[in-house]
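Read the structure below first, then the notes.
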Amino acid sequence: MAPNQGAGEVVLRATGISKGFPGVKALTDVDLEVRRGEVVALLGENGAGKSTLIKILSGVYSLDKGEIELEGKRVKFDLPSEAKAAGIGIIHQELNYVATVSVAENIYMGDIPKKGLVIDYRRMYRGAREIMAKIGVDIDPKMPIGRCTVAQKQLIEIAKVIANDVKVLIMDEPTSALNDVETENLFRFIGQAKSMGIAIIYISHKLDEIFRIADRVVVLRDGCVTGRLDAKTATREALIRTMVGRDLTDMYPKTPGAPKGVAIEVRDLTNDALFGVSFAARKGEIFGVYGLLGSGHQDLGAAIFGQTIVRSGEIWIDGKRVKINDPLDALKNGVAYVPAERKTEGLVLNNTVRVNMLSAFYAKNSRRRFTNKRFEAGITDKWIKNLSIKTPSGETRVESLSGGNQQKVVLSKCLELEPEVMILNEPTRGIDVGAKAEIYRILDDLCRKGKCVIMITSEMPELLTMSDRIMVMHAGRIGGFLEARGATQEDVLKYAIGG
Amino acid sequence: MAQNSNTPARSRLRRALTTGDASSLITVSTALVVLLTFFSLASPYFFKPTVFLNIGMYAAIVGTLACSMTFINVSGNIDISGGSQIAVVGMIAAVLIRSGDVPWWVGMIGGILTGSMCGMLNGFFITVFKLNAFITTIASMQMLRGIAYLISNGQTLVISDQHFKFIGRGYLGPIPFTLVVLIVFYIIFYFVSRYTVFGRTIYMIGGNPQASFLSGIKVQRTKFILYVINGTMAGFAGVMLASQSGAGLPMAAPNANMQALSAVILGGAGLSGGRGTIGGTFIGVMVLCTLNTGMTMLSISSFWQDVIVGLVLLISVSIDAIKSGGLKRKI
Amino acid sequence: MAQNSNTPARSRLRRALTTGDASSLITVSTALVVLLTFFSLASPYFFKPTVFLNIGMYAAIVGTLACSMTFINVSGNIDISGGSQIAVVGMIAAVLIRSGDVPWWVGMIGGILTGSMCGMLNGFFITVFKLNAFITTIASMQMLRGIAYLISNGQTLVISDQHFKFIGRGYLGPIPFTLVVLIVFYIIFYFVSRYTVFGRTIYMIGGNPQASFLSGIKVQRTKFILYVINGTMAGFAGVMLASQSGAGLPMAAPNANMQALSAVILGGAGLSGGRGTIGGTFIGVMVLCTLNTGMTMLSISSFWQDVIVGLVLLISVSIDAIKSGGLKRKI
Amino acid sequence: AETAPIRVGFANINEKGSFGKMVLQNMKKVAAERGYEIICVDNNSDGATAVQNADTLISMDIDIMIEFNVDQSVAPVIMEKFNAASIPVIAIDIAHEGATFFGADNAFAGTLAGETAGDWVNKNWGGEIEYVVLIVQPVSGPAVAPRVKMFPEGIRNKGIAFEDSQIVEIDGQNDAQFTQARFADFLLAHPDAKKIAVATINDVAASGVYAAAETAGRAENIVLVSQNCTADFVEPMYAVEGKTNWIASIAYFPNRYGEFVFNIVDKLVAGETLEPAYYIDHIAITWDNIKEWYPIDNLPWAGL
Ligand SMILES: Nc1ncnc2c1ncn2[C@@H]1O[C@H](COP(=O)(O)OP(=O)(O)OP(=O)(O)O)[C@@H](O)[C@H]1O
Ligand SMILES: Nc1ncnc2c1ncn2[C@@H]1O[C@H](COP(=O)(O)OP(=O)(O)OP(=O)(O)O)[C@@H](O)[C@H]1O
Ligand SMILES: [Mg+2]
Ligand SMILES: [Mg+2]
């Protein structure tokens, strides 16, 4: 392999890594090396084995075969604490925080500063503040982390790792919950880390990021390395082809909407996070909702759908005022909702694909009191085929599916309801490009069938390309409306920051 | 997919056998077979139809409670007040029947409804205030036991009604009536768990209440219903026990709840919710009751009985845990 | 952020008072004050230093157990085998002391170490096989109780050593020795929970074991240590009890575990982990022991006592739940 | 012609106490001496268990039943089963209608305890009593309740007068330490009481009572009489050589139950007519007679 300019000696070298789970071969003979001051991007579809690989490097999983060398010495990590002590810092894909303790304690989890036998609280709080400052964050270190927003939690997750002296920094989709400003701050930090000679492994499904910060790209597919590319010279198309094994011609298959009248109207919706939000979304359009974190856009879907408590406001569907006290009322009124967190809100992980797909169906069609396996299998197979869900069968437990495929199960659960109004909250978070394109195709389809799609998102590209109209939120209120056609990122951001 | 070296069917079978409900079912069934074989060899009196019918007759109390308790556990909850509920039920039934003002069956129904009401009490606190189920039922366990004593000021109330006797002590041909009732209950609960939307719902809210709520399931209402069902089943168990012992006993069923819970756990419904089967619980009940009868027949000292019951529980959950990779798991 | 209309300091105070640990502390302290006031008004003998010292003296057994059990609960686990551990400890101490071969303090230390070993047994199954803590301790509760009986074949073992008697019945000036021990324990545990890394680690693994593990905390080792500590504290409690009753009793402490658990829950450490304080538990213990003493002084029937204890538990957790918005929560 | 030995079923009260233990030991010993086959099970002090054990024993083809069940209310059910199987029953301590009774006379034992205390009070406290405390135990069932409930009557038999309002009941919950704490509470609530007569249902509870009194420094203020005369009473009595206010325990001689019961069994087998009831001669064991009945070098529970 051609040595990269500016990169030093190899810090971490993994050779011949193999790992199997019951019934699954997650990694086969994978080699990976990272040098001082270098960013290696790890790319691949959902379920390709990226997270598994880095969990092996950080002592979370034990490996079946292969070797790991750190600075030329053979190492074996049985526990995360050992990897951490050896200088490997990792930010996992899932947020890992303890909601009941303070921000500072989360940051220093595992090695709280001591003075003698006793915790040095002063040093801990001061240190926490300094570390957060490094990535441009200002949060009260004494606050219980449970009160932070998702983005703040993600940033704290990053702070947690850089609190230690790391030789290798591994980041698994660190930006999936961050907005552009926060992402910029992170990249600035990565730049500093590089110059300090830290070796970095970076995982993301956002290809733009890869081009911005990576030096090299290693692509995984089905647990094998299918390509090693130089980030400076590789093209987007080449990356996608190596990842998914085919060309992806149309990433955003949006056909212009032909709206036919109001599907849902929300008047003066008010609760803890929303203050008098009113809007109307039409049949046959994708109604994009954008906001910076904390602007209330994340709370909008849950409020309409009856998940959270609404203090006042009215919801009108198809010209009739409806009362939605809980999700069942919403379902019965033709509203379906894809929540932001599929694992905690969308899926019963220890149950099968089939049961998950039909969960809302039976709730909505409450006259069906008996289950019918054949009937269900038909529906399940239909969606597995239509959405090309990668699963051994409908009887597989969803916990063993990859993130993207889990997301498709949530989608099919809602699609089977044939809703008039479909609300999606961050529908493509953590989803690979291939699956993303498929989800966009589904949304476009719905829209063409005259359904109303409300897409709540923090991802600017999908907002601008998939929406017909855009509502931007700011501080729990509406910042403004835009026609998506011709709108630019700057227009959207102007409303988002309340300008 | 690349990962499958075996044929899909074989690997699916293997997976089914090594993980989840099927695995527990195999463990507990094996335990039952081992015990039956052992006792048959060890005691000349054990391997006889009358003995088995007898085991079934007395299994009815714990078995009835364990049946609905399976649902409670599958839904991710717990009830440890079952024994106290049984005691209150027996006392109320005895008071009604002894009053002489009402026919025996009114006493029976009164007892069963008392059970339902105890269940409502638990369900109310758990679903309205959203209290933890364990905490709620610790409290109601104490309160209901106190009430059982208060009803008669600590006296036992002998029931001499001849009809009422039949419930716990009667036979249909050679089969004890309680065993028939028990089997009917298990068939109904099995059917509900496998073929109804309600049964499905229990597994879902046990697996992920939040996701179930967002799927339009009335989580709190379902939980409330489950506690009422569990109380009603405690009602049936209490009536059977009162009939079996011919009296309302305020100290009745001191260990019934732990035994039922042990049976449920043996049967594979742990405490984390979303897992477990009615069939597993049935076999779990049989394991415990066979153990009791077999050890009694062998005159094993009751100290050893405690130790052995604890060991059986511990070993079988350990086997389950090892089969599903517990040893290798780091957390 | 937009939602704060108050000043930060005021809103922080209000937040502290209405949510989490502080809220429970207020509820349970209020309960204590109410009870003290009530009993002082209702009985002329109640409001006296000797009475309070006496409450403290007998609170030591349950209090000692509840102290370490708080850590177990905060770490998201549970132990229901404490009463059986106490019984085994008392029996071993009695056997050693009665043997006459060793001085009394060897018996004491032997008893305490027996407790540690019981804790190791629980810890082993919970951390090596990754068994559910409740299930494990249900099993060990039965096994250890059986073992307590087996040690002496069910006999009470009278201990007449005069030195040993001091532990449970002695006074330092006017203060019962057990109360001194209890207070020392609570000070140590309070200090550990607030000011040591180990203490904070308990809160972390209770709040999110997965995250703690990934952050480099040795979750299983910590849990193991917690069970050993809990066993050791059961050892202290068992020795105090053996000394207090002057005998090793195989049936000792039948309700100690439930009482300790109730105290811990009253004190605000629920069962979901990550919450609870040592101070809260201390007050919880005092509430229960005050209730017992006060009700005895008023000659309230023991049936009512059960009902009242259950009610106090239920009401105080309900108040906590309501204050933290349980009524309004949809799920 | 000699056939198989006669099979005797024995359902014991509760092997978890030394009382039941001694009964069991003597039953086994005597059965072996006299050539009976004995099958022993444990009723665990629980009526429902006793009912189940009856069926188990019947299915094991016993010829004669010795039933030691403490729950009066399930007696009819048990008897119905044995009658249906035509198995004669000897019931211990609790009357089972249709069975031959052997054992304790609970009311007599309670009265005897009271009379023993009464004699002591007449001698030491000039016949005056301020309180009579009964440590009750509802969980043990109503059948054994007279062992303490008859205590006041026994005292009155000795010419000592007190009002019913001077009688206090405390539930010991079958837990020595709990009993101890509650009796300590009682003492605190009655700081000036100097003459308290206490009765307990067994020696374990009494040990709690006495420990509480000692700890409070008020052992002099009580006179305590308990029941069963087990190690819990005998050992401390020897340890202090009679210098204690726990003056007596009523003996039931569980270590000789086997002997007594098999005398009845022998008569039954020989076809003799039986009396409806055979009672134990309860004796109040005090320091004066303890060496006669429970010599320290030959205690009945020594070999357990
Ligand atoms: N704990 C586990 N148990 C069983 N199988 C697992 C486990 N973790 C991973 N796998 C298997 O390994 C494969 C690779 O998963 P991995 O998480 O590494 O994918 P990924 O590349 O990180 O995907 P994504 O982009 O969705 O994060 C999965 O398809 C899954 O089958
Ligand atoms: N019990 C399991 N059995 C089989 N595979 C599993 C199991 N648990 C997890 N996996 C696999 O592990 C992989 C990694 O899971 P992980 O928790 O890292 O998130 P993910 O599925 O990659 O989700 P996302 O990308 O949406 O965050 C998944 O792709 C899944 O295929
Ligand atoms: Mg991943
Ligand atoms: Mg993943």
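Everything quoted here is computed from the prediction, not taken from an experiment. Per chain, numbering begins at 1; letters A, B, ... match sequence-line order.
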Side-chain donor or acceptor of [X] paired with backbone N/O of [Y] under 3.5 Å:
{"X": "C:Thr277", "Y": "C:Gly280", "result": "yes"}
{"X": "B:Tyr203", "Y": "B:Gly276", "result": "yes"}
{"X": "C:Asn73", "Y": "C:Leu271", "result": "no"}
{"X": "C:Lys223", "Y": "C:Ile126", "result": "no"}
{"X": "B:Asn257", "Y": "B:Asp79", "result": "yes"}
{"X": "C:Thr293", "Y": "C:Thr290", "result": "no"}

Between [X] and chain C, which part of the residue has a heavy atom less than 4.5 Å away: side chain, backbone, both or neither?
{"X": "B:Ile265", "answer": "side chain"}
{"X": "B:Val219", "answer": "side chain"}
{"X": "B:Leu266", "answer": "neither"}
{"X": "B:Ser262", "answer": "side chain"}
{"X": "B:Leu261", "answer": "side chain"}
{"X": "B:Leu131", "answer": "side chain"}

Inset, instruction - Check the side chains of C:Asp320 and C:Ser24 for a donor-acceptor pair under 3.5 angstrom, ignoring hydrogens and angles. - result: yes
Inset, instruction - Mind checking the CG-CZ spacing from B:Asn153 to C:Phe303? Nearest 0.5 Å is all I need. - result: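 So the gap between those two atoms works out to 5.5 Å.
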Legend entry - Pairwise distance CZ(C:Phe224) to NZ(C:Lys218) - rounded to 0.5 angstrom: 15.0 Å
Report which part of [X] has an atom under 4.5 Å of a heavy atom belonging to chain B: side chain, backbone, both, or neither.
{"X": "C:Ile78", "value": "side chain"}
{"X": "C:Gln210", "value": "both"}
{"X": "C:Ile322", "value": "side chain"}

Inset, instruction - Could you have a look at C:Arg145, C:Lys330, C:Lys328, C:Met141 and say which one has the most heavy-atom pairs with chain B under 4.5 angstrom? - result: C:Lys330
Legend entry - Contact leader toward chain B among C:Ser272, C:Gly325, C:Gly310, where contacts are heavy-atom pairs under 4.5 Å: C:Gly310
Among [options], which residue forms the greatest number of heavy-atom pairs with chain C at distances under 4.5 Å?
{"options": "B:Val309, B:Ile308, B:Asp306", "result": "B:Asp306"}
{"options": "B:Val312, B:Asn132, B:Ile135", "result": "B:Ile135"}
{"options": "B:Leu144, B:Leu327, B:Leu313", "result": "B:Leu327"}
{"options": "B:Val128, B:Leu150, B:Ile147, B:Val307", "result": "B:Leu150"}

Inset, instruction - Check the pair B:Ser140, B:Thr137 against side chain to side chain contact (heavy atoms under 4.5 Å, CB included), reporting the backbone distance first and the verdict last. - result: CA-CA 5 Å; B:Ser140 67; B:Thr137 56; 4.1 Å; yes
